[in-house]
Undergrad: 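The structure follows.
Hydrogens, waters and symmetry mates are skipped; everything else that's a heavy atom, side chains included, is used. Counting starts at 1 for both ligands and their atoms, following the listed order.
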Amino acid sequence: MKFFVDTAELDAIAELNDLGMIDGVTTNPSLIKKSGRDILEVTKEICDMVDGPVSAEVVALKAEDMIAEGRKLAEIAENIAVKVPLTWDGLKACKVLTEEGKMVNVTLCFSANQALLAAKAGATFISPFIGRLDDLNIDGLDLIADIREIYDNYGFETNILAASIRTANHMSDCAKIGADVATAPPAVIKAMANHVLTDKGLDQFVADAKAANIKIV
Ligand code: G3P
């Protein structure tokens, strides 16, 4: 499973990228707002840093306006994936931009039917939102499993990009189900390294090393 990081914060992207932990980046208008940066400038800087796909989201609602915005975003760099919402207009924009050879990420997906339509429109990525379904007491992981089954039934090549990931367990659960990609905030990716038994074991090793006066360099 590929890892994308869901942020527009350059320092956090750089740290994970330098470690080889991420295969791409996703942003959205809320993350751009949080960064306090101009969308075109910060997206260019992210694309210069990361080799893999960088999702940048349109803000228009009508297909023709989304297409114009998508073309402008795609000019930033070759690794831009234009992000469009899963609306009828968004699907129209997806079809046009895909036919122009651009990567398209269809976002705000909350049902298997929506994912089917995105695949039919040729989306490169479909972004089902796990956490926002969990917030409503609907199991977001079930949606990932349903889309995996449906895409596999018919050989759809659209990549399942699990989004709205809130916990480290979401990451391993998505990997077990077979999501192609999971995008998560930096803190969630880092939290994957944590285990209480690691901390406990390390405390003991540190204490024993001190007691035995072990020195290596
Ligand atoms: O990738 C989509 C993501 O940014 C949404 O996450 O936590 O706002 O539901 P969240």
Undergrad: Strictly under 4.0 Å, does any heavy atom of D6 approach an atom of ligand 1?
TA: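 It does; at least one heavy atom falls under 4.0 Å.
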Undergrad: Does the pair R71/E75 count as a salt bridge with the N-to-O cut at 4.0 Å?
TA: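 Salt bridge: no.
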Undergrad: Should the heavy atoms of other residues, nucleotides or ligands under 6.0 Å from CG of D139 be counted, would the total exceed 12?
TA: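 Counting other residues, nucleotides and ligands, CG of D139 exceeds 12 neighbours.
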Undergrad: Any carboxylate oxygen within less than 4.0 angstrom of a Lys/Arg side-chain nitrogen, looking at E15 and K190?
TA: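 Yes, E15 and K190 are salt-bridged.
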Undergrad: Look only at interatomic distance and state if T26 has a nitrogen or oxygen under 3.5 Å from any nitrogen or oxygen of ligand 1.
TA: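 Not met; the criterion fails.
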Undergrad: Indicate yes or no: does an N/O atom of R166 lie under 3.5 Å from an N/O atom of ligand 1?
TA: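 Yes; at least one N/O pair falls below 3.5 Å.
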Undergrad: Using a 4.0 Å heavy-atom cut-off, which part of N28 comes near ligand 1: side chain, backbone, both, or neither?
TA: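 Side chain only.
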Undergrad: Given 3.5 Å as the limit, does a donor-acceptor pair link the side chain of S172 with the main chain of N169, or not?
TA: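 A pair under 3.5 Å: yes.
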Undergrad: Could you check whether atom CG of D203 has more than 12 heavy atoms from other residues, nucleotides or ligands sitting under 6.0 Å from it?
TA: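 More than 12 heavy atoms, drawn from other residues, nucleotides or ligands, come within 6.0 Å of this atom.
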Undergrad: Does a salt bridge link E64 with K92, judged by any charged N lying under 4.0 Å from a carboxylate O?
TA: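 Salt bridge: no.
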Undergrad: For A163, counting its heavy atoms only, list the atoms of ligand 1 lying under 4.0 Å from any of them.
TA: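 Matching atoms, with element in brackets: 1 (O), 2 (C).
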Undergrad: List every atom of ligand 1 that sits less than 4.0 Å from any heavy atom of R132, numbering the atoms from 1 in the order shown and giving each element.
TA: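 Here the atoms of ligand 1 in question are 5 (C), 8 (O), 9 (O), 10 (P).
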Undergrad: With heavy atoms of F129 as the reference, note each atom of ligand 1 found under 4.0 Å away.
TA: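 It comes down to these atoms of ligand 1: 2 (C), 5 (C).
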Undergrad: Determine, considering heavy atoms only, which of S164, A182, P185 sits nearest to atom 9 (O) of ligand 1.
TA: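 The nearest heavy atom belongs to S164.
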